[in-house]
Amino acid sequence: MKIATWNINGVKARIDNLLTWLKESQPDIACLQEIKSVDDQFPRMEIESLGYHVETHGQKGFNGVAILSKLRFDEVNRRLPGDDSDEQARFMEGVFSTERGALRVVSLYLPNGNPLGSEKFLYKLAWMDRLERWAADRLMLEEPIVLAGDYNVIPQPEDAKNPEAWLNDALFQPESRGAFRRLANLGFTDAVRASTDDVLYTFWDYQAGAWQKNNGIRIDHLMLSPEAADRLAAASVEKHVRAWEKPSDHVPVVIELN
DNA sequence: ATGGTGGGCCTCCCA
């Protein structure tokens, strides 16, 4: 079972890359973030023709998440509980039946939170608090759960080429990193970090030649419940996708579960 | 180096 996450930075601008990547990588389930599309403009036909079921949770202009799956969806839950006034499309959960039982996969797009001291930073921390509460509740199901997405959190200094450059950024604040660590301490395993000590980045800014200098950060993560972590066979970052024409600034991260 | 690049979309917002 191959599960991937990719912030594609606009599904309509990235449809050719997305189709190329799906054919090449062949994930069973792909979580997308920043689709920047409303649901009825999502290019579902092209994706369905590759054998995927498509569920989206979009909004106009910004944000938006989707899950593509070769398995049929038993259930889809949109929106992260905990704030009924939150209109931003950043979270959806799909539930699937596998030969080994239920599998839950979340596609999440955690708020960026910049600049520090703003409402946006408070929103990020509140969103992470809601995520922690939701995850703690889901853990009681004792099922394999994969929380995949763009967390907009650099967990550790080794997850950035130039950590000192991020000291005043919301992605590397003690509060952001602490909230990510609390999620881990609930019992969720960072699949990539559990698989390798290699320096791996998932995002390179479009600006200032960041890609050419390998000035990257690791902010796209797959967090696994104990029942999912027990089945983790491999994890990798598909870095070559960043070198394609018209790339997203993020690359896909992929895990294999037994 | 207080710029730089890119997507969405219509005037700037977001990253």
Side-chain angles (χ1 to χ4, degrees), chain A residues 5-21 31-44 46-47 56-66 80 85-91 107-128 131 148-155 159-173 175-177 179-180 201-221 237 239-253:
Chain A
T5 184
W6 189 15
N7 178 323
I8 55 171
N9 189 22
V11 69
K12 292 186 281 279
R14 215 70 64 207
I15 185 62
D16 290 346
N17 279 7
L18 176 58
L19 295 172
T20 300
W21 171 71
C31 300
L32 305 179
Q33 300 86 37
E34 274 202 279
I35 62 173
K36 296 185 174 179
S37 169
V38 293
D39 293 337
D40 61 15
Q41 284 172 33
F42 191 92
R44 61 166 51 239
E46 298 97 310
I47 297 166
T56 63
H57 179 38
Q59 71 179 92
K60 189 180 177 186
F62 312 105
N63 304 326
V65 291
L80 178 63
S85 69
D86 185 359
E87 295 297 326
Q88 300 193 36
R90 297 180 173 276
F91 181 97
S107 180
L108 68 89
Y109 176 46
L110 215 144
N112 174 294
N114 280 305
L116 296 182
S118 69
E119 284 296 320
K120 291 181 181 177
F121 188 57
L122 296 176
Y123 174 63
K124 178 187 192 127
L125 297 181
W127 205 96
M128 295 189 84
L131 178 64
D150 176 358
Y151 280 72
N152 269 314
V153 174
I154 303 166
D159 296 314
K161 177 70 175 290
N162 300 125
E164 65 283 356
W166 298 90
L167 288 173
N168 292 313
D169 194 287
L171 279 61
F172 197 52
Q173 287 314 292
E175 296 94 327
S176 313
R177 295 171 59 194
F180 183 83
Y201 306 134
T202 65
F203 168 93
W204 296 261
D205 202 286
Y206 290 121
Q207 302 179 66
W211 168 246
Q212 288 74 15
K213 296 181 219 165
N214 194 30
N215 181 15
I217 52 177
R218 192 175 72 91
I219 57 175
D220 299 273
H221 309 297
V237 177
K239 183 178 180 180
H240 67 287
V241 173
R242 187 62 176 80
W244 289 357
E245 293 264 332
K246 261 180 77 88
S248 169
D249 39 8
H250 298 249
V251 296
V253 184

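Reminder, nothing fancy here: chain letters follow the sequence lines and each chain counts from 1.
Separating the CD1 atom of A/Ile35 from the C1' atom of B/dG6 is a distance of 18 Å, rounded to the nearest angstrom. The separation between A/Asn215 atom CG and B/dT5 atom P is 15 Å, rounded to whole Å. For the pair A/Leu18 CG and B/dG7 P, the interatomic distance rounds to 15 Å; values are reported in whole Å.
Using a 4.0 Å heavy-atom criterion, one finds that A/Ala13 contacts the sugar-phosphate atoms exclusively.
Not counting sequence neighbours, A/Arg242 has no partner by the salt bridge (Lys or Arg N to Asp or Glu O under 4.0 Å) test. Residues that satisfy the salt bridge (Lys or Arg N to Asp or Glu O under 4.0 Å) test with A/Asp205, not counting sequence neighbours, are absent from this structure. By the ring-ring contact (aromatic ring centres under 6.0 Å, His included) test, A/Phe91 pairs with A/Trp134, sequence neighbours left out. A search for ring-ring contact (aromatic ring centres under 6.0 Å, His included) contacts involving A/His57 returns nothing, not counting sequence neighbours. Annotation: salt bridge (Lys or Arg N to Asp or Glu O under 4.0 Å) contacts of A/Asp159 (sequence neighbours excluded): A/Arg193, A/Arg218.
Contact between the side-chain N/O atoms of A/Lys60 and the OP1/OP2 oxygens of B/dC10 is found at a separation under 4.0 Å.
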Filtered N/O pairs between nucleotides 12-15 of chain B and protein, under 3.5 Å:
from, atom 1, to, atom 2, distance (Å)
B/dC14, OP2, A/Lys120, NZ, 3.3

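The P atoms of B/dT5 and B/dT11 are separated by 25 Å, rounded to the nearest whole Å. B/dC14 sits 14 Å from B/dC9 when the P atoms are compared, rounded to a whole Å. To the nearest whole angstrom, the two C1' atoms, one in B/dG4 and one in B/dA15, are 13 Å apart.
For the residue pair A/Trp204/A/Asn214, the side-chain donor-acceptor check at 3.5 Å is satisfied.
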